[in-house]
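As the structure lists them, so they are numbered: ligands from 1, and atoms in each ligand from 1. All values derive from a computational prediction rather than experimental measurement.
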Amino acid sequence: MDNINKLIRNNVKNIKPYSSARDEFTEEVNDFIFIDANENPFQTAVNRYPDPQHKELKQVLGIRKNISVDNILLGNGSDEVLDLLFRAFCEPGEDNVVILPPTYGMYEVLANINNVSVIKANLSDVFQPSVEVILNAATVKSKILFLCSPNNPTGNSFNAKYIEQLIEKFNGLVVLDEAYIDFSQQNSWLGKLKDYQNLVITQTFSKAYGLAGIRLGVCYASKEIIKILNTIKPPYNVNSLTQMVAIERLQKHNLVSEEIKLIISERKRLEVELNTISFIDEVYASDANFLLIKVDNANKRYQEIIEKGIVVRNRSNQALCDNCLRISIGTKAENDKLITILEEIE
Ligand SMILES: *Cc1c(COP(=O)(O)O)cnc(C)c1O
């Protein structure tokens, strides 16, 4: 793996970040009068601009994840974090990224927005990365390889050996999207971050943490990479309410763990139940908070399920996902309702 510096876009190397009023003096030093940012002085609880460096939140998260705050960058959802990676490393109209369909749709959407071309190396028929195929498909202009494990929409985790080989041999950044890691039997790669300078790990508060509405995504990477991303991120990209709610939730981690356990046990129950439905040909093993199923006719079943008042995700136009539907794990009552409806349309 070449030096990370060689991967950074030239214009980005020379950018001076916007220095916001709140970068130098914070409200923690409370005997200051703040008349530097044209804010309204009257209290609304959020009349001040948010901390652009997200210091307190990163500290709490760093302790929870056992990682230094210098290895953390926060964004307005993973989507912003991923977009920042494109902007820092991919020259529009020139560079490309490698994705492994079927996978999360945003990688390609963000590539298109940034005018970066996409090389597709499909997963194998058991939804695992084909290391040789991927490395052969990559070019000297391939800057980022996106690995999503557990993968959306298939739900499975990638074999750790394949992930390791790809990190070692891919000549660019490997972005490992761990949006569903809390539901997985596999360990996060966070503990191995220091072993690989080209590894970037993304996580989110949208799934296991139950906070999709606050839009908070996390990027873990080397200090060097985090520093670059910090210079190009919008100064106030994570608002005060989001920072507050995330800190509260991190302090209730026992509750979060309980919910994760419940979701996993419901996933196991639903897996068994779905296997008894005659028009479901396969329920794929899942390490996430959803199940991918193959049915006799996805478009027909999707419509029938909608008519009974339940919305699932039709993934049948994705590579390797003929006639597949993706079902998020709901509450026990919601899952019971789903089973009843599937039995009705059987
Ligand atoms: C849901 C999901 C995310 C989360 O995106 P946010 O912008 O943080 O809500 C990220 N990656 C994958 C693969 C997902 O399925």
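Close contacts between ligand 1 and Ala179 involve ligand atoms 2 (C), 3 (C), 10 (C), 11 (N), 12 (C), 14 (C) [criterion: under 4.0 Å to a heavy atom]. Atoms of ligand 1 lying under 4.0 Å from at least one heavy atom of Cys148, given by number and element, are 13 (C). Ligand 1 places these atoms under 4.0 Å from at least one heavy atom of Gly77: 7 (O), 8 (O).
Between Glu164 and Lys161 there is no salt bridge, since none of the side-chain N atoms of the basic residue sits less than 4.0 Å from a carboxylate O of the acidic one. A salt bridge does not link Lys233 to Asp83: none of the charged nitrogens lies less than 4.0 Å from a carboxylate oxygen.
Only the side chain of Arg215 comes within contact range of ligand 1, with a heavy atom under 4.0 Å; no backbone atom does. Residue contacts with ligand 1 for Lys207 involve side-chain atoms from C-beta outward but no N, CA, C or O (heavy atoms, distance under 4.0 Å). Under 4.0 Å from ligand 1, heavy atoms of Ser78 appear from its side chain as well as its backbone. Contacts of Phe205 with ligand 1, taken as heavy-atom pairs under 4.0 Å, are absent altogether.
Asp177 OD2, 2.7 Å is the protein heavy atom nearest to atom 11 (N) of ligand 1. Nearest protein heavy-atom contact of atom 9 (O) of ligand 1 is Ser206 OG, 2.6 Å. In this structure, the protein non-hydrogen atom closest to atom 15 (O) of ligand 1 is Tyr180 OH, 2.6 Å.
Of the possible polar contacts, none joining the Gln186 side chain to the Ser157 backbone as a donor-acceptor pair under 3.5 Å is found. Side chain of Asn114 to main chain of Leu110: a donor-acceptor pair is present (N/O by atom type, distance under 3.5 Å, no hydrogens or angles). Between the side chain of Arg326 and the backbone N or O of Leu291 there is no donor-acceptor pair closer than 3.5 Å.
Pairing each heavy atom of Cys90 with each of Arg9, the nearest pair is O-CD, 3.2 Å.
Inclusion of Asp79 in the set of residues having an N or O under 3.5 Å from an N or O of ligand 1 is warranted.
Taking the ring axis of Phe183 as reference, the NZ or CZ atom of Arg267 does not stay both within 45° of it and closer than 6.0 Å to the ring centre.
For the residue pair Tyr104 and Asp79, a side-chain donor N or O sits within less than 3.5 Å of a side-chain acceptor on the partner.
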